[in-house]
Amino acid sequence: MTPAGHRPAAAARPRVAIFGGTFNPIHLGHLRAAEEAAELLALERVLFVPSADPPHKAGGAADPVAPAKLRLDWVRLAIAGNPRFEAEPLEVERGGRSYSVDTLRALGERLAPERPVFLIGHDAFALVDTWRDPRAIFELAHFAVIVRPGVATGSLAEWLPRRVRDDVELASDGCSALHRAGSWIRVLEIAALDVSASELRARLRAGRSVRYLLPERVREAVMQSGVYASS
């Protein structure tokens, strides 16, 4: 039996979430999603992890991915003043292709025996099958699948990556599931702002205003960088 007051790590309430992404650039939608997730899950910290070289984002001259160091700097500017938010430079400092399974293993060692929560949008969650070692990812972290009511289509059962469907048991409400390794998956409905990084980049290329879509300090740094300006 487990001694009183000493629950196994799988059952303990997680305190830390990992919010990975290209953040190309980070915007108010990212920040609002992280804030609502932290509130709903009673998290102590949210680690923003900008990718170095994201394998699913080709970039290119027509729609560039800003240099990793710049994107990390912008994240730091964006989250300044929020004591629950931290910028995690692990992927940028490691360089090369950024794979979530490697990041979760590295951060998991720091947080052990606690598992972190992996914050992810429902559309990206449905593509986890295409990531490196998806079955290991579900053993390393809990998943909070972020959806915006009225925007997302489908259900958790439909979004579950094919290669892990036999490893999880869906709850009767269809909004959560338990993995055989003890990690959980939960749909998280938030009223996030409808802002996209691709739309921001298109506006910047067209010379249109992005004021009030980015934190002001980030907007100033992005404009000064000229990364997304039309050639």
Do Leu213 and His27 come within less than 4.5 Å of each other through their side chains, counting heavy atoms only?
no

Decide, yes or no, whether a salt bridge links Arg105 with Glu109 under the criterion of side-chain N to carboxylate O below 4.0 Å.
no

Drop me the distance from Tyr99's OH to Arg94's CZ, to the nearest 0.5 angstrom.
10.5 Å

In Å and rounded to the nearest 0.5 Å, what is the OG to CD1 distance from Ser100 to Ile120?
7.0 Å

Do Pro116 and Arg45 have side-chain heavy atoms sitting under 4.5 Å apart?
no

I'd like to know if the side chain of Arg163 reaches the main chain of Asp133, judged simply by a donor and an acceptor atom lying under 3.5 Å from each other, with no hydrogens or angles considered.
no

Report the distance from atom OH of Tyr228 to atom CG of Leu204, rounding to the nearest 0.5 Å.
8.0 Å

Is any side-chain heavy atom of Asp123 closer than 4.5 Å to a side-chain heavy atom of Trp159?
no

Identify whether the distance between the nearest side-chain nitrogen and carboxylate oxygen of Arg217 and Asp73 falls below 4.0 Å.
no

Starting from Phe143, can I reach Leu107 by hopping between I/L/V/M/F/W/Y residues whose side chains sit under 4.5 Å apart?
yes

Which pair of non-hydrogen atoms, one from Thr130 and one from Leu127, has the smallest distance, and what is that distance?
OG1-O, 2.7 Å

Does Gly96 offer a backbone N or O that forms a donor-acceptor pair with the side chain of Asp53 under 3.5 Å?
no

Please report the closest heavy-atom contact between Asn24 and Pro64, naming both atoms and the distance.
ND2-O, 3.2 Å

Measuring only between side-chain heavy atoms, which start at C-beta, is Leu119 closer than 4.5 Å to Ile18?
no

Do Asp167 and Phe138 come within less than 4.5 Å of each other through their side chains, counting heavy atoms only?
no

Minimum heavy-atom distance between Val101 and Ala136, given as atom pair plus value:
CG2-CB, 4.0 Å

Do Arg76 and Val218 pass the side-chain contact (heavy atoms from CB on, under 4.5 Å) test, and can you show the C-alpha distance, the side-chain angles, and the key distance before you say yes or no?
CA-CA 9 Å; Arg76 286 175 170 149; Val218 175; over 6 Å; no

State the NE2-CH2 distance between His179 and Trp184, to the nearest 0.5 angstrom.
14.0 Å

N-O pairing of Glu220 and Arg211 below 4.0 Å:
no

The test is side-chain contact (heavy atoms from CB on, under 4.5 Å); show your working for Ile137 and Leu104 and say whether it passes.
CA-CA 7 Å; Ile137 290 174; Leu104 287 172; 3.7 Å; yes

Is it true that Asp63 and Arg205 make a salt bridge, defined as a side-chain N closer than 4.0 Å to a carboxylate O?
yes

Within 45° cone and under 6.0 Å: Arg71 NZ/CZ vs Phe23 ring:
no

Does CG belonging to Asp173 count more than 12 external heavy atoms closer than 6.0 Å?
yes

Counting only heavy atoms not in Glu169 (residues, nucleotides, ligands), do more than 12 fall under 6.0 Å from its CD?
no

State yes or no: do Val92 and Phe19 share one hydrophobic cluster built from I, L, V, M, F, W and Y residues joined by side-chain heavy-atom distances below 4.5 Å, directly or via other members?
no

Ile190 CD1 to Glu39 CD distance, which is reported to the nearest 0.5 Å
11.0 Å

Are any of the side-chain nitrogens in Arg135 or Glu139 under 4.0 Å away from the carboxylate oxygens of its partner?
no

Is it the case that the side chain of Arg165 and the backbone of Leu160 share a donor-acceptor pair, with hydrogens and angles ignored and the cut-off at 3.5 Å?
yes

In terms of heavy-atom contacts, Glu44 and Arg84 come closest through O-CG, 3.4 Å

Leu200 and Pro25: which non-hydrogen atoms are nearest, and at how many Å?
CD1-CG, 4.4 Å

Any non-hydrogen side-chain atom of Ile146 less than 4.5 Å from a side-chain atom of Val187?
no

Distance-only, no hydrogens or angles: does the Ser176 side chain make a donor-acceptor pair with backbone N or O of Ala171 under 3.5 Å?
no

Does Glu114 form a side-chain contact (heavy atoms from CB on, under 4.5 Å) with Val16? I'd like the steps, not just the answer.
CA-CA 9 Å; Glu114 179 187 334; Val16 179; 4.1 Å; yes

Using the rule that Ile, Leu, Val, Met, Phe, Trp and Tyr join whenever any side-chain heavy atoms are under 4.5 Å apart, tell me whether Leu31 and Val46 fall into a single cluster.
yes

State whether a side-chain donor-acceptor pair under 3.5 Å links Thr103 with Glu91.
yes

In terms of hydrophobic clusters joined by side-chain contacts under 4.5 Å, are Val227 and Val222 together?
yes

Run the side-chain contact (heavy atoms from CB on, under 4.5 Å) check on Phe118 and Leu140 step by step: do they pass?
CA-CA 9 Å; Phe118 196 82; Leu140 292 166; over 6 Å; no

Donor-acceptor contact present, side-chain Glu158 to main-chain Ser155, <3.5 Å
yes

Please tell me if the side chains of Arg97 and Arg132 come closer than 4.5 Å, counting only heavy atoms from C-beta onward.
no

Rounded to the nearest 0.5 Å, how far apart are NE2 of His142 and CG of Leu178?
9.5 Å

Within a strict 4.5 Å, meaning less than it, do heavy atoms of the Leu28 and Leu214 side chains meet?
no

Mind listing the closest non-hydrogen atom pair of Leu77 and Ala221 along with its distance?
CD1-CB, 3.8 Å

